[in-house]
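Data first, discussion second: the structure below is written as structure tokens.
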There are 2 protein chains.
Amino acid sequence: MPATPPFDVRPLSRVLKALGDETRLRIVALLSHSELCVCHLVRGLALPQSSTSRHLSVLKAAGLVEARRDGTWVHYRLVPPQNALCRSQVRALVLAFSKQQALSHTVAKLLKSCGPGARR
Amino acid sequence: MPATPPFDVRPLSRVLKALGDETRLRIVALLSHSELCVCHLVRGLALPQSSTSRHLSVLKAAGLVEARRDGTWVHYRLVPPQNALCRSQVRALVLAFSKQQALSHTVAKLLKSCGPGARR
DNA sequence: TAGCCAAATCCGGAGATGCGGATATCCTCA
DNA sequence: TGAGGATATCCGCATCTCCGGATTTGGCTA
């Protein structure tokens, strides 16, 4: 009989570690409402660009977000994790975030304030 | 308009930080099946007693477990977090863990192997 | 009270993590 | 091709986290 519990918590612990940070959780909360590019997040989080980009790379390494290049801009969006347990946990979290109306308003303003779709 | 998203992710980030550790996730997985005392967890995790106790104190500080003293033994059990968002996340996690039959068997053996209810 | 068991805390060190400024890379447009 | 904007990475630093051994604390029983 193995000493470790006979099922693997490692995938989930990796995902929860990535989510267990205030800034990254705020990023996920914003992305729950729309795909966003880095400049939106820099504004929305009021953080230096380097910090924002680094946190995004952590989320990407954890398999929580994917990047899509569009000219000079890079858009990030949430993606469902491979692992089933992780996927159901993240789905529940994103669902809760997406119900937050105040977040929805914030995201709408961000989309207009900068990035490819900003009004000139 | 505040730069921070207008709703507070801090309670959730604290809980996810506590859960974002392989050992602590294994503890929660075991506790999903039964209240257990420290000696059970030391055995089940195959970790030094000091590490086990320290991880339990982290979970307690995060409001995820509570302790109950019974003579020389201290029993730990899961408790629903105060914050509603945390509570729903943890509930889903514990439900998933509690369906793992293999874990259930492991816990049954642990309960017999040591602690107040052990066969002599 | 002495001895013993379970559990919590202390300790020092190794490695991970977060940070912001500076720099590098990639892309677009004139 | 050169300038400039958007993003990624590098850098050094401070802080946090995890670890296991050793010690301390609390409670039971002889």
Side-chain angles (χ1 to χ4, degrees), chain A residues 3-4 9-10 13-27 31 35-62 65-77 110-111 113-118 120, chain B residues 3 9-10 13-27 30-31 35-62 65-77 110-111 113-118 120:
Chain A
T4 54
V9 298
R10 278 174 294 183
S13 88
R14 272 193 286 267
V15 164
L16 295 181
K17 196 185 295 281
L19 293 174
D21 175 274
E22 199 176 327
T23 299
R24 289 194 289 270
L25 215 41
R26 290 170 64 199
I27 291 176
L31 291 181
E35 176 183 85
L36 294 172
C37 68
V38 182
C39 61
H40 295 132
L41 293 168
V42 166
R43 247 180 219 230
L45 304 169
L47 278 182
Q49 180 263 329
S50 68
S51 291
T52 305
S53 180
R54 197 163 8 84
H55 282 296
L56 282 167
S57 76
V58 172
L59 290 173
K60 187 157 71 170
V65 305
E66 277 179 10
R68 169 178 72 85
R69 181 170 277 282
D70 169 23
T72 48
W73 291 282
V74 175
H75 299 259
Y76 281 86
R77 66 179 181 284
L110 288 175
L111 286 168
S113 75
C114 64
R120 303 296 143 90
Chain B
V9 299
R10 277 173 296 182
S13 88
R14 272 192 287 266
V15 164
L16 295 181
K17 199 185 293 282
L19 293 174
D21 175 273
E22 199 176 327
T23 299
R24 290 194 289 270
L25 215 41
R26 290 170 63 201
I27 291 176
L30 292 171
L31 292 180
E35 176 182 84
L36 294 171
C37 69
V38 182
C39 59
H40 295 133
L41 293 168
V42 167
R43 248 181 220 232
L45 302 169
L47 279 182
Q49 181 264 328
S50 68
S51 291
T52 305
S53 180
R54 197 162 7 83
H55 282 297
L56 282 167
S57 77
V58 171
L59 290 172
K60 187 157 71 169
V65 305
E66 277 180 9
R68 168 178 72 85
R69 180 171 278 281
D70 168 22
T72 49
W73 292 282
V74 175
H75 299 259
Y76 281 86
R77 67 179 179 285
L110 289 176
L111 286 168
S113 74
C114 63
R120 304 296 143 92

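All chains are named by letter (A, B, ...) in the order of the sequence lines, taking the proteins before the strands, and each is independently numbered beginning at 1.
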Could you state the atom-to-atom distance from [atom1] of [X] to [atom2] of [N] in whole Å?
X       : N      : atom1 : atom2 : answer
B/Leu56 : D/dC18 : CG    : P     : 13 Å
B/Leu47 : D/dG21 : CG    : P     : 11 Å
A/His55 : D/dT9  : NE2   : P     : 15 Å
A/Lys60 : D/dT7  : NZ    : C1'   : 11 Å
B/Leu59 : D/dT17 : CG    : P     : 14 Å
B/Arg68 : C/dA6  : CZ    : P     : 17 Å
A/Ile27 : D/dT7  : CD1   : P     : 13 Å
A/Leu45 : C/dG20 : CG    : P     : 11 Å

Looking only at side-chain atoms of [X], point me to the closest of [options].
X       : options               : answer
A/Val74 : C/dG18, D/dG26, D/dT7 : D/dT7
A/Trp73 : C/dG18, D/dT7, C/dA7  : D/dT7
B/Arg69 : D/dA6, D/dG27, C/dG21 : D/dG27
B/Val38 : C/dC27, C/dG18, C/dA8 : C/dA8

* Is there a donor-acceptor pair under 3.5 Å between the side chain of B/Ser57 and the backbone N or O of B/Arg54? ->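 At least one qualifying donor-acceptor pair exists.
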* Answer yes or no: is there a donor N or O on one side and an acceptor on the other, between the side chain of A/Arg69 and the main chain of A/Gly71, under 3.5 Å? =>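 Here the side-chain-to-backbone pair exists.
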* Respond yes when some side-chain nitrogen or oxygen of B/Ser51 is under 4.0 Å from OP1 or OP2 of D/dC19, and no when none is. =>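 For B/Ser51, the contact criterion (side-chain N or O under 4.0 Å from OP1 or OP2 of D/dC19) is not met.
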* Phosphate oxygens OP1/OP2 of C/dA6: is one of them under 4.0 Å from a side-chain N or O of B/Tyr76? ->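 Indeed not, no polar side-chain atom of B/Tyr76 lies that close.
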* Find which nucleotide of DNA chain C each of A/Gly20 and A/Gly71 is nearest to by heavy atoms, and output the residue with the more 5' nucleotide. =>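 Its nucleotide being nearer the 5' end, the pick is A/Gly20.
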* Asked: More 5' along DNA chain C: A/Arg24 or A/Asp70, using each one's nearest nucleotide?
  ->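 Upstream on the strand: A/Arg24.
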* Side chain proximity check, A/Asp70 to A/Pro116, heavy atoms < 4.5 angstrom ->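 Yes, their side chains come closer than 4.5 Å.
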* Asked: Less than 4.5 Å apart, any side-chain heavy atom of B/Ile27 and any of B/Leu36?
  ->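 The answer is no; the side chains never approach within 4.5 Å.
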* Between A/His75 and A/Lys17, which is nearer to the 5' end of DNA chain D once each is assigned its nearest nucleotide? ->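 Residue closer to the 5' terminus by nearest nucleotide: A/His75.
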* Asked: Hey, does the side-chain of A/Gln49 have a donor or acceptor N/O within less than 3.5 Å of a partner on the base of D/dA8?
  ->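 Indeed, a donor on one side and an acceptor on the other fall under 3.5 Å apart.
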* Asked: Got a donor-acceptor pair under 3.5 Å from the side chain of A/Thr72 to the base of D/dG5?
  ->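 Flag unset: no donor-acceptor pair detected.
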* Taking everything shown except B/Arg10 itself, do over 12 heavy atoms lie less than 6.0 Å from its CZ? ->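 No - once you tally the heavy atoms of other residues, nucleotides and ligands closer than 6.0 Å, there are 12 at most.
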* Determine the contact category for A/Arg54: base if any of its heavy atoms lies under 4.0 Å from a base atom, sugar-phosphate if only primed atoms, P, OP1 or OP2 are that close, otherwise nothing. =>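 Touches a base.
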